[in-house]
There are 2 protein chains.
Amino acid sequence: MADSQQRLEAIIARLKENDCKLTPQRLAVAAILAESEGHPSVEKIYEQLKDDFPTMSLATVYRNVMLIKSLGEALELAFPDGSNRYDGNKPYPHPHAICIHCKTIIDLDLAGLQDLTKEVADETGFEIVTHRMDFFGVCSACRGRK
Amino acid sequence: MADSQQRLEAIIARLKENDCKLTPQRLAVAAILAESEGHPSVEKIYEQLKDDFPTMSLATVYRNVMLIKSLGEALELAFPDGSNRYDGNKPYPHPHAICIHCKTIIDLDLAGLQDLTKEVADETGFEIVTHRMDFFGVCSACRGRK
DNA sequence: TTTGCTGCAAATAGTTTGCAGAGAC
DNA sequence: GTCTCTGCAAACTATTTGCAGCAAA
C-alpha cells in the first residue's frame with residue numbers, strides 16, 4: 001500500500017536527520033518495518049532479508065531495529081512469552097487485539113481510549129506519557145477452526 | 001493486611017488441591033506473592049528470602065513463581081525492558097499505572113474497562129479472554145522531585 | 001578521506017533444566 | 001517408603017558488544 005511507502009520515506013528522512021548512513025541493510029530493515037505486515041519479530045525480519053542479503057547478520061537486524069525504534073519510528077511490542085514484535089507503520093502507542101492461537105495481531109482504534117487515559121490521570125495524579133493496551137483472545141478464524 | 005492473609009490461604013489451598021508439597025521455600029514464595037507489596041520481581045523475591053533461607057536458590061524461586069502462576073494464583077507482568085514482576089494479590093488481569101522513574105506500580109480500577117472490552121469484541125470478532133493494560137507516566141512524587 | 005556500519009564471534013543476562021540428595025506426606 | 005522438591009551447576013535463548021575490515025557520504 002501507498003501508506004507503507006510514505007512511512008518508509010518518513011523513516012528515511014528521520015535517519016538522514018540524525019546523520020545515519022543509508023546502507024542497503026538498513027534500508028531493507030526500514031522497509032520491512034514501514035510495512036510491518038503482521039507486526040514482525042526480529043527473527044522474522046532476519047528471515048525475510050536472508051534471501052536478499054545472504055551475509056546479513058542477526059546483529060545487524062537488532063542494531064537497525066533498535067536504531068529506528070530509538071528514533072521514535074517504530075513501536076516495540078514485548079510479550080510475556082519473551083517475544084518482541086515491531087510496528088513501524090503505526091509507531092505511536094495504540095491498542096492491539098492478539099489471537100492466542102495464531103498470534104495474529106490486529107491494530108485497534110478505540111473510541112473510549114482518550115477518556116480512559118484522562119480517568120487514569122485523574123485517579124492517580126500521574127502525568128501519563130504513554131500506554132500499552134492489548135486484548136488477548138481467539139480470532140474468529142481460529143474459533144471456526146476448532 | 002488481612003487481605004494478603006486470605007490470599008495466602010487461597011494459594012495454599014490451590015497448591016494442596018494440586019498435590020503440591022508445602023515446603024518452607026514454597027510457602028515463603030507464596031507468602032510474598034500473596035502480599036505482592038510493590039509487585040515484586042523474581043529477583044526481589046529472592047533477595048527477600050535469602051535472609052531466611054541462606055541456601056535458597058534463584059531456580060527455586062523461578063520454579064515456585066511459575067508454579068503458582070500456572071495455577072492461576074499470580075499475574076505475571078512482563079515489561080518491554082525485559083523485567084518481569086508479579087502480582088499474587090490480585091491474580092486477575094487489571095490495569096496498572098507505572099511510574100517510569102521510580103518504577104512504582106499502582107493497581108487501577110477503571111469504570112470504562114468493561115465497555116472497552118465489549119467494544120473490542122464487537123469490532124474484531126475476537127472472543128476476548130484476557131487483556132493487558134498499562135499506563136506509563138510520572139507519578140506525582142517524582143514530578144515534585146524533578 | 002573520514003566516520004559510521006557490517007559481519008563475525010564471543011560475551012552477557014535472564015531463565016530453564018538435569019541430576020543427586022533431602023524432605024514432605 | 002515414595003515421590004516431589006531443592007540446590008547446584010550447566011545449558012539455553014535472546015540480545016548485545018568488541019573488533020577489524022568495508023562502504024557511504
Side-chain angles (χ1 to χ4, degrees), chain A residues 11-33 39-71 73-74 76-86 103, chain B residues 11-33 39-71 73-74 76-86 103:
Chain A
I11 297 174
I12 290 173
R14 184 60 60 92
L15 286 167
K16 281 186 187 165
E17 223 173 83
N18 288 72
D19 299 318
C20 296
K21 296 184 174 171
L22 302 180
T23 65
Q25 294 93 328
R26 178 164 294 164
L27 289 172
V29 170
I32 291 181
L33 282 176
H39 302 72
S41 61
V42 166
E43 201 68 35
K44 269 271 166 12
I45 295 173
Y46 175 58
E47 276 164 29
Q48 268 184 69
L49 294 182
K50 258 197 312 205
D51 295 333
D52 295 327
F53 301 88
T55 69
M56 163 78 79
S57 157
L58 237 191
T60 297
V61 180
Y62 274 105
R63 278 187 281 227
N64 283 309
V65 168
M66 290 246 293
L67 171 66
I68 293 170
K69 187 188 93 179
S70 72
L71 295 178
E73 296 293 335
E76 182 180 64
L77 297 175
F79 291 103
D81 65 3
S83 62
N84 276 18
R85 292 169 68 174
Y86 296 86
K103 310 293 180 196
Chain B
I11 297 174
I12 291 173
R14 185 60 60 93
L15 286 168
K16 282 184 184 167
E17 225 174 82
N18 287 73
D19 299 316
C20 296
K21 296 187 174 170
L22 303 180
T23 65
Q25 295 93 329
R26 179 164 294 165
L27 288 173
V29 170
I32 291 180
L33 283 176
H39 302 71
S41 61
V42 165
E43 201 68 37
K44 268 272 170 8
I45 296 172
Y46 176 60
E47 275 164 31
Q48 267 184 69
L49 294 181
K50 256 197 309 209
D51 295 331
D52 296 327
F53 301 88
T55 69
M56 164 77 79
S57 158
L58 237 192
T60 297
V61 180
Y62 274 105
R63 278 188 280 227
N64 283 309
V65 169
M66 290 245 292
L67 172 65
I68 293 169
K69 187 189 95 179
S70 72
L71 294 177
E73 295 293 334
E76 183 180 63
L77 297 176
F79 292 103
D81 64 3
S83 64
N84 276 18
R85 291 170 69 173
Y86 296 88
K103 310 292 182 196

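Chain letters run A, B, ... following the sequence lines, proteins first and then strands; every chain starts at 1.
- The interatomic distance linking B:Asn18 (CG) with C:dC25 (P) rounds to 15 Å, in whole Å.
- Using a 4.0 Å heavy-atom distance criterion, A:Pro54 is classed as making no nucleic acid contact.
- Taking atom CG of residue B:Asn84 and atom P of nucleotide C:dA13, one finds them 17 Å apart after rounding to whole Å.
- Across all non-hydrogen atoms, the minimal contact from A:Val29 to A:Ile45 is CG2-CG2, 4.4 Å.
- Within 6.0 Å of atom NZ in B:Lys16, 12 or fewer heavy atoms from other residues, nucleotides or ligands are found, so the atom counts as exposed in its surroundings.
- For the OP1/OP2 pair of C:dA24 and a distance below 4.0 Å, the side-chain nitrogens and oxygens of B:Thr23 include no atom meeting the criterion.
- Note: CZ (B:Arg63) to P (D:dG7) measures 8 Å, nearest angstrom.
- Heavy atoms of A:Asp19 sit nowhere under 4.0 angstrom from any nucleic acid atom.
- Rounding to whole angstrom units, NZ of residue B:Lys50 and P of D:dC8 are separated by 12 Å.
- Taking atom CE of B:Met56 as the reference point, atom P of C:dA22 lies 18 Å away to the nearest angstrom.
- At least one donor-acceptor pair under 3.5 Å links the side chain of A:Arg14 to the backbone N or O of A:Leu71.
- Donor-acceptor pairing under 3.5 Å, judged by distance alone, is absent between the side chain of A:Arg26 and the base of C:dG4.
- Taking atom CG on A:Leu27 and atom P on C:dG4, their separation rounds to 18 Å, with Å as the unit.
- Summarising the geometry, the separation between CG on A:Asn64 and C1' on C:dC5 is reported as 8 Å, rounded to the nearest angstrom.
- Put simply, B:Gln25 has a side-chain N or O that comes within less than 4.0 Å of OP1 or OP2 on D:dG7.
- Both B:Ala59 and B:Lys21 sit near DNA chain C, but only B:Ala59 has its closest nucleotide nearer the 5' end.
- Dashed line: the shortest gap from a side-chain N or O of B:Thr60 to OP1 or OP2 of D:dG7 is under 4.0 Å.
- Between A:Leu22 atom CG and D:dA25 atom C1' there is a gap of 10 Å when expressed in whole angstrom units.
- The side chain of B:Thr55 places an N or O atom within less than 4.0 Å of a non-bridging phosphate oxygen (OP1 or OP2) of D:dG7.
- In this model, a donor atom of one side chain and an acceptor atom of the other lie less than 3.5 Å apart for A:Asn84 and A:Glu76.
- We find that B:Glu47 and B:Lys44 are not joined by a salt bridge, their nearest charged nitrogen and carboxylate oxygen being 4.0 Å or further apart.
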